[in-house]
Peer 1: 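Attaching a single structure in C-alpha cells format; questions to follow.
One-based numbering, in listed order, for ligands and for the atoms of each.
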Amino acid sequence: LESFNKTRVAGSIAAQALDEVAKIVKPGILTSEIDELCYNFINDNGAYSAPLFYRGFPKSCCTSSNHVVCHGIPNEKILKDGDIVNVDVTVWKDGWHGDTSRMFFVGEPSVKAKKLVETTYESMMKAIKILNKETQLGDIGSTIQTFVEKKGFSVVKDFCGHGIGKTFHKEPNILHYGNKGTGPKLEVGMIFTIEPMINEGSFETKILNDGWTAVSKDKKLSAQFEHTVGITEEGYEIFTQSKKGLDSPPYSI
Ligand code: MF3
Ligand code: CO
Ligand code: CO
C-alpha cells in the first residue's frame with residue numbers, strides 16, 4: 001500500500017527527530033533549541049514540518065511542559081531540573097504525514113511526575129495493543145480511560161487523536177475516553193493517531209492568550225504520548241516507534 005509505505009517513511013523521520021531530542025533535553029536548555037533541532041533534522045531528511053505555519057502556528061514542533069497539556073509554542077523558556085516536557089513532531093514527506101510525541105524528563109522529576117508519565121505511556125500502548133479490524137472505536141477510549149482513572153489520573157476530553165494521511169488532521173476523531181463495544185469498527189488500511197493527554201488533577205483545560213497553548217485549569221501536571229498507527233489484516237502497525245528503543249523515559253543515552 002502506498003499509504004502505508006509513505007506513512008512509514010514520514011513516521012520514521014519523526015521518530016528519529018525525537019531520538020535526537022532525547023540527546024539534548026537537560027536542565028538549562030531552551031524550548032527554542034528543541035525547535036531548531038527539529039526544524040534542521042526534518043529538513044536535512046528531505047521533509048517538511050507540518051506544524052510550521054499550520055493555521056498560523058509559528059514553530060516546527062510543540063513543546064508542552066509541566067501543566068501545559070498540548071500545543072506549547074517553543075520560545076526562550078529555560079527548562080529546569082524536575083520539569084517534564086512533551087515534544088510533538090509531525091513530518092510531511094512525499095505527500096504523507098507522520099505524527100508522534102514523547103515525554104522527556106529534565107533532570108530528575110518528582111515520583112508523582114514520573115508516575116504520571118509512565119501511566120500515560122502505558123495507556124497509549126494498552127490501546128494500541130487491542131487494535132485490529134474487529135476493534136470498535138469506543139474500545140480505544142475505554143481502554144485508556146479505564147486504566148488511567150484506576151491510577152487516579154484524568155483523561156483530557158478537549159483534544160483527541162485523528163485520522164492522518166495526505167491530510168494532517170482528518171476523520172475519524174479518536175477519543176481517549178468512552179465505552180467498550182461502542183462506535184464503528186476499524187477497517188484495514190485506516191491510519192490514525194492515538195495521543196492521550198492525561199492530567200494529574202482535573203481533566204479541564206483552557207487556552208492561553210497566544211491562541212495555542214492549552215493548560216490544565218488547575219495548573220497541575222499533564223503528560224502526553226502519541227503514535228501514528230495503521231490497521232492491517234493481521235492487527236496493527238506502529239509507524240512512529242523509535243528504532244533505538246527511546247519510546248519512553250528515562251532515556252539512558
Ligand atoms: N501534532 C499535533 C497533533 O498531534 C498538532 C499540532 S498542530 C500545531 O495533532 F499547529 F500546534 F502544531
Ligand atoms: Co502530534
Ligand atoms: Co496528532
Peer 1: Would you say the side chains of Thr31 and Asn75 form a donor-acceptor pair under 3.5 Å?
Peer 2: yes
Peer 1: For a ring pair (Phe, Tyr, Trp, His ring centres under 6.0 Å) check, start with the C-alpha distance between His71 and Phe159, then their side-chain angles and the critical distance, and finish with the verdict.
Peer 2: CA-CA 10 Å; His71 302 165; Phe159 302 93; 5.5 Å; yes
Peer 1: Among Lys220, Lys219, Lys217, find the one that has a salt bridge (charged side-chain N to carboxylate O under 4.0 Å, His left out) with Glu204.
Peer 2: Lys217
Peer 1: Other than Val68, what residues sit in its cluster of Ile, Leu, Val, Met, Phe, Trp and Tyr side chains whose heavy atoms are under 4.5 Å apart, directly or through others?
Peer 2: Leu208, Val215
Peer 1: Distance only, no hydrogens: is a donor on one side chain within 3.5 Å (strictly under) of an acceptor on the other, for Asn199 and Ser222?
Peer 2: yes
Peer 1: Please confirm whether Lys93 makes a cation-pi placement over Tyr48, using NZ or CZ under 6.0 Å from the six-membered ring centre and within 45° of the ring normal.
Peer 2: no
Peer 1: Any chance you could measure Met190, atom CE, to Glu187, atom CD, to the nearest 0.5 Å?
Peer 2: 7.0 Å
Peer 1: Nearest 10°: the angle subtended at the Co ion (ligand 3) by Glu226 OE2 and His162 NE2?
Peer 2: 130°
Peer 1: Tabulating one pair per line, provide the atom names and distances (0.1 Å) for every N/O atom of ligand 1 that is less than 3.5 Å from a protein N/O atom.
Peer 2:
unit_1	atom_1	unit_2	atom_2	d
ligand 1	1 (N)	Asp88	OD1	3.1
ligand 1	1 (N)	Asp88	OD2	3.1
ligand 1	1 (N)	Thr90	OG1	3.2
ligand 1	1 (N)	Asp99	OD1	3.2
ligand 1	4 (O)	Asp88	OD2	3.2
ligand 1	4 (O)	Asp99	OD2	3.1
ligand 1	4 (O)	Glu195	OE1	2.8
ligand 1	4 (O)	Glu195	OE2	3.2
ligand 1	4 (O)	Glu226	OE1	2.9
ligand 1	4 (O)	Glu226	OE2	3.0
ligand 1	9 (O)	Asp99	OD2	3.4
ligand 1	9 (O)	His162	NE2	3.1
ligand 1	9 (O)	His169	NE2	2.7

Peer 1: Answer yes or no for Glu195: is there an N/O/S atom below the 2.8 Å cut-off from the Co ion (ligand 2)?
Peer 2: no
Peer 1: Restricting to N/O/S, name the atom of Asp99 that gets closest to the Co ion (ligand 3).
Peer 2: OD2
